[in-house]
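What follows is one structure encoded as C-alpha cells, with my remarks underneath.
From a predicted model like this one, the values you see are computed outputs, not experimental measurements.
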Amino acid sequence: MTKPAVGIIMGSASDWATMQHCAETLDQLGVVYEKRVISAHRTPHLAFEWCTSAEARGLKVIIAAAGGAAHLAGVAAALTPLPVLGVPMESASLKGMDSLLSMVQMPGGIPVATLAIGKPGAINAALFAGAILALSDAKTKKAVDDYRTAQTKKVAETQLP
C-alpha cells in the first residue's frame, strides 16, 4: 500500500458527514490519504504531535475542517510547512459564516487556503490537493485532468426538460 499523501483532519466526528465527500473525491483521483479527528481545543497535544510529524510521515498536503471558532486549520498551518487547505463547517448558529471568517482571517505568514463552507468546500479541497500533487506526479495529473474533462462533458451534455 502506498503511503498517504494527504491528511484529512477534522475538529469532531460530526464533521465526517461533510468530509466524506472530500475522501470520496480523493478516492476518485486515486490519492491515498489518512483521516483523523483532532480538535485544536480539546486535543491540543495531539494536534501538535500530528501536525509536526506530518511531513516526516510523507504527507504533502493537509486538509483541515472545523466549525465555530475553526482554529484547526490555523493551528495546522502554524505547525507545519505543508500546504493547509481549510474547509469551514456549517454551524447551527451562523450557518458556517463564523467558521469561514475564522479560517480566512489568518495573520500574515501563516497561510491557510480556505475553501467554501460545507460539501462544496470539501470536494474542492480534494481537487485542490490533487492539483498540488499533480505538479510532481503524472498519475495524479491525469486523474485530475480526467475528472475535469468528465465534469465538463457532463455539463455540456445536460438536457433540460
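Closest approach of Gly118 and Val87 over heavy atoms only: O-CG1, 3.9 Å. Here the shortest heavy-atom pairing between Ala129 and Val6 reads CB-CG2, 4.1 Å. Closest heavy-atom contact between Pro111 and Ala77: O-CB, 3.4 Å.
Between Cys22 and Ile63, some side-chain heavy-atom pair lies under the 4.5 Å cut-off. Put simply, the side chain of Leu26 reaches to within 4.5 Å of the side chain of Ile8, judged on heavy atoms. The shortest side-chain heavy-atom distance between Phe48 and Val75 does not fall under the 4.5 Å cut-off. Between Met103 and His71 the shortest side-chain heavy-atom distance does not fall below 4.5 Å.
Sparse packing is recorded around CZ of Phe128, with 12 or fewer heavy atoms of other residues, nucleotides or ligands lying under 6.0 Å away.
Remark: the backbone N or O of Ala76 is not paired with any side-chain donor or acceptor of Thr80 at under 3.5 angstrom. Between the Thr18 side chain and the Lys119 main chain, no donor and acceptor come within less than 3.5 Å of each other. Between the side chain of Thr152 and the main chain of Arg148, a donor-acceptor pair closer than 3.5 Å is present. In this structure, Thr158 contributes its side chain and Val155 its backbone to a donor-acceptor pair below 3.5 Å. Thr114 places no side-chain N or O within 3.5 Å of a backbone atom of Gly86 that could act as its donor or acceptor partner. Within the 3.5 Å criterion, the main-chain N or O of Leu133 finds no donor-acceptor partner in the side chain of Thr140. Using modelled atom types, one side-chain atom of Asp15 and one backbone atom of Gly11 make a donor-acceptor pair closer than 3.5 Å.
Taking CD1 of Ile9 as the reference point, atom CH2 of Trp50 lies at 4.5 Å (rounded to 0.5 Å). Put simply, CG on Asn124 and CG on Leu115 are 6.0 Å apart, with the number rounded to the nearest 0.5 Å. To the nearest 0.5 angstrom, Cys51 atom SG is 5.0 Å from Ile62 atom CD1. Of the inter-residue distances, the one linking Glu90 atom CD with Asp98 atom CG reads 10.0 Å to the nearest 0.5 angstrom.
When each of Val144, Leu29, Ile132 is paired with Leu127, the side-chain contact (heavy atoms from CB on, under 4.5 Å) condition holds for Leu29 and for no other.
Annotation: salt bridge (Lys or Arg N to Asp or Glu O under 4.0 Å) contacts involving residues 49-62, sequence neighbours excluded, comprise Glu34-Arg57.
A salt bridge does not link Lys141 to Asp137: none of the charged side-chain nitrogens sits closer than 4.0 Å to a carboxylate oxygen.
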